[in-house]
Structures are given as C-alpha cells and as structure tokens.
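Comments concern the structure below.
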Amino acid sequence: RPFARLRTCVRSAGGAPKHLDVSGQPRFDARGEFLGYWGVARDVSEEVAAEQALRRSETMLSSLLDSSPDCITLTDLSTGRYLMVNQSNVRVTGYAVEEVVGRTSIELGIWHSQAERERLVEAVRTRGEVAGMRCVFVTKSGSRVTMLVSASRCIVDGAIRSRVFALSRYRLLFAGRVDAPGPPWPGRLPPPSPRRPTATARRAWPGRRPCARSNPARRPPPDSTPPS
C-alpha cells in the first residue's frame, strides 16, 4: 500500500539523529510481483526540534502558572469559553479543570454580578487591558469571594484569522459574606477586644472618684481584723 508522511529517525554519518518524513508508492513488475517501494524523504529535523522546544516551553509555562498563588485563566472573548485555568483557580473556586475548560462563566454561574462581567469584558475590548478591578465571584459551594481582577487582550493566528483571548489574573482579597462589616484580609490580625482602661489611663481622667484599689488610704491594714 502507498504511505505518506511517515515520520522516522535515522543516524547521520556523524552520529547525530536526523528526522525524516517519508512518502512512498509500491512497485510491481509485469507479472504483478512486488519489487519494493519508491518515494521521497524530507528532512524535518528543524521542525521536530522546534516542536520539542515548544513542548518544553508549554510544560515550563504550565508549571509556572500552577505555582502562582493568583487565579489565572485564558478565555476566548468571542465566545467567553475558558481555554485554560491554573490550580489556584481550582483551589479557590472549587471547580476542577475538567469542569471549567470548554464552558463559559455564565454556564458555571461564577460571576456574582453580570454587570461587573460586562464592564470587565467591555474594558478589555476597548482599552486592551484592565488592572485591579474589584469583583465578586461565587464558588462551587455557593460562598462568595472578592478578588482584584487584571486582564489583557492577546491576538493569535495572524491578522486574517485572528482569535482574541483574554488572559486574566484574579487576586483573592477575602472570602465569605460580601456584606460583612470588615473584610478579613489575609495576614491581618483581628481588632483588639474592648478592655477597661489601665491604672495609668484612669489617673489621667479629671474628676474621677478614687476606688479602694487605687487609694491606699481606704485599704484596711493587713493585720487588722474586720469590725464585727
């Protein structure tokens, strides 16, 4: 049978690997006996090296994205579908990668306010980038998280068949109720509980009445007996 673009690797005279794309046609004699193949081979070593370098870069980029503490996503602006999410997005939202990629944020119900989403998308389309927009999202469990969103527009596939993507980064501010009186910022200590003024502070209050603890004259002597 004929074959086309069969990828094979041979060793050159110097011992270096050489990658070839081979195409061939079978040959037969007058009696129909198979004689072998004749065809052409094309050296594709540079293409193979470029593909290997691209795979290494993709692996390195994936590792860097997954090690980021911020949520990072890549979406198609024309359809709104997720093309990539990192592990921080999985940890914060609760949605696995398989549940997100190929679906839209509207289908998942991630945005708490569609008006915020439309404002972000419009800003990316018109200005090309957005930095530090405060938005509220809904996780898979139903809780709300507030994030600072930064997004930029990128165009691939050339000018004729261009696809516009939005690479977004979400930095978590706080999680829980959005109507809470004070957001529990990461690393922030809780406010101190109300305490009674210290003795130094009480002495600074004019017109206060002395108490037995702060006035030695009103304390009974240690060896005195209380009156009957």
Side-chain angles (χ1 to χ4, degrees), residues 50 53-191:
L54 179 60
R55 284 195 294 268
R56 288 194 297 268
S57 299
E58 290 176 346
T59 302
M60 183 181 302
L61 178 60
S62 178
S63 299
L64 291 174
L65 293 178
D66 287 339
S67 63
S68 173
D70 296 335
C71 301
I72 299 177
T73 65
L74 181 65
T75 56
D76 192 332
L77 276 182
S78 61
T79 62
R81 297 191 180 279
Y82 289 100
L83 304 178
M84 181 273 298
V85 295
N86 68 341
Q87 289 301 316
S88 292
N89 189 84
V90 175
R91 174 179 54 83
V92 173
T93 64
Y95 288 99
V97 176
E98 297 78 11
E99 296 178 288
V100 177
V101 173
R103 302 179 66 185
T104 67
S105 60
I106 298 178
E107 293 173 351
L108 296 173
I110 290 180
W111 285 83
H112 177 253
S113 171
Q114 289 301 316
E116 288 183 349
R117 175 188 174 276
E118 294 172 1
R119 187 166 66 250
L120 175 68
V121 172
E122 183 63 25
V124 173
R125 284 176 175 169
T126 56
R127 301 202 302 265
E129 62 179 4
V130 174
M133 179 179 291
R134 185 177 176 131
C135 302
V136 180
F137 299 89
V138 181
T139 66
K140 186 177 181 179
S141 63
S143 61
R144 301 176 186 177
V145 292
T146 302
M147 298 184 178
L148 288 181
V149 183
S150 299
S152 60
R153 183 179 59 190
C154 53
I155 302 177
V156 297
D157 293 344
I160 299 178
R161 294 179 59 254
S162 62
R163 296 182 65 187
V164 183
F165 300 94
L167 183 64
S168 307
R169 185 186 69 183
Y170 306 80
R171 175 157 295 180
L172 180 64
L173 290 182
F174 62 91
R177 294 169 45 205
V178 296
D179 56 348
W185 297 81
R188 173 180 171 184
L189 296 176

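The pair Asp70-Arg171 counts as a salt bridge, with a side-chain nitrogen and a carboxylate oxygen less than 4.0 angstrom apart.
A donor-acceptor pair under 3.5 Å links the side-chain atoms of Tyr95 to the main chain of Leu108, judged by distance alone. Checking side-chain atoms of Thr104 against main-chain N and O of Gly80 turns up no donor-acceptor pair under 3.5 Å. Side-chain N or O atoms of Ser143 include none that pairs as donor or acceptor with a backbone N or O of Thr139 at under 3.5 Å. Asn86 contributes a side-chain N or O that, together with a main-chain N or O of Ile72, makes up a donor-acceptor pair within less than 3.5 Å. The backbone N or O of Val85 sits nowhere less than 3.5 Å from a side-chain atom of Thr73 that would complete a donor-acceptor pair. Of the possible polar contacts, none joining the Arg117 side chain to the Ile106 backbone as a donor-acceptor pair under 3.5 Å is found. In terms of modelled atom types and a separation under 3.5 Å, the side chain of Arg134 and the main chain of Thr146 share no donor-acceptor contact.
Judged as a ring pair (Phe, Tyr, Trp, His ring centres under 6.0 Å), the pairs with a partner in residues 113-142 (not counting sequence neighbours) are, in order, Trp111-Phe137, Phe137-Tyr170.
Between Val149 and Glu116 the shortest side-chain heavy-atom distance does not fall below 4.5 Å. No side-chain heavy atom of Tyr82 sits less than 4.5 Å from a side-chain heavy atom of Asn89. Side-chain contact between Leu120 and Val130 is present, with heavy atoms from C-beta onward closer than 4.5 Å. When side chains are defined from C-beta on, Val97 counts as touching Gln87, because their heavy atoms get closer than 4.5 Å.
Atom CZ of Arg91 and atom SG of Cys71 lie 6.5 Å apart (nearest 0.5 Å).
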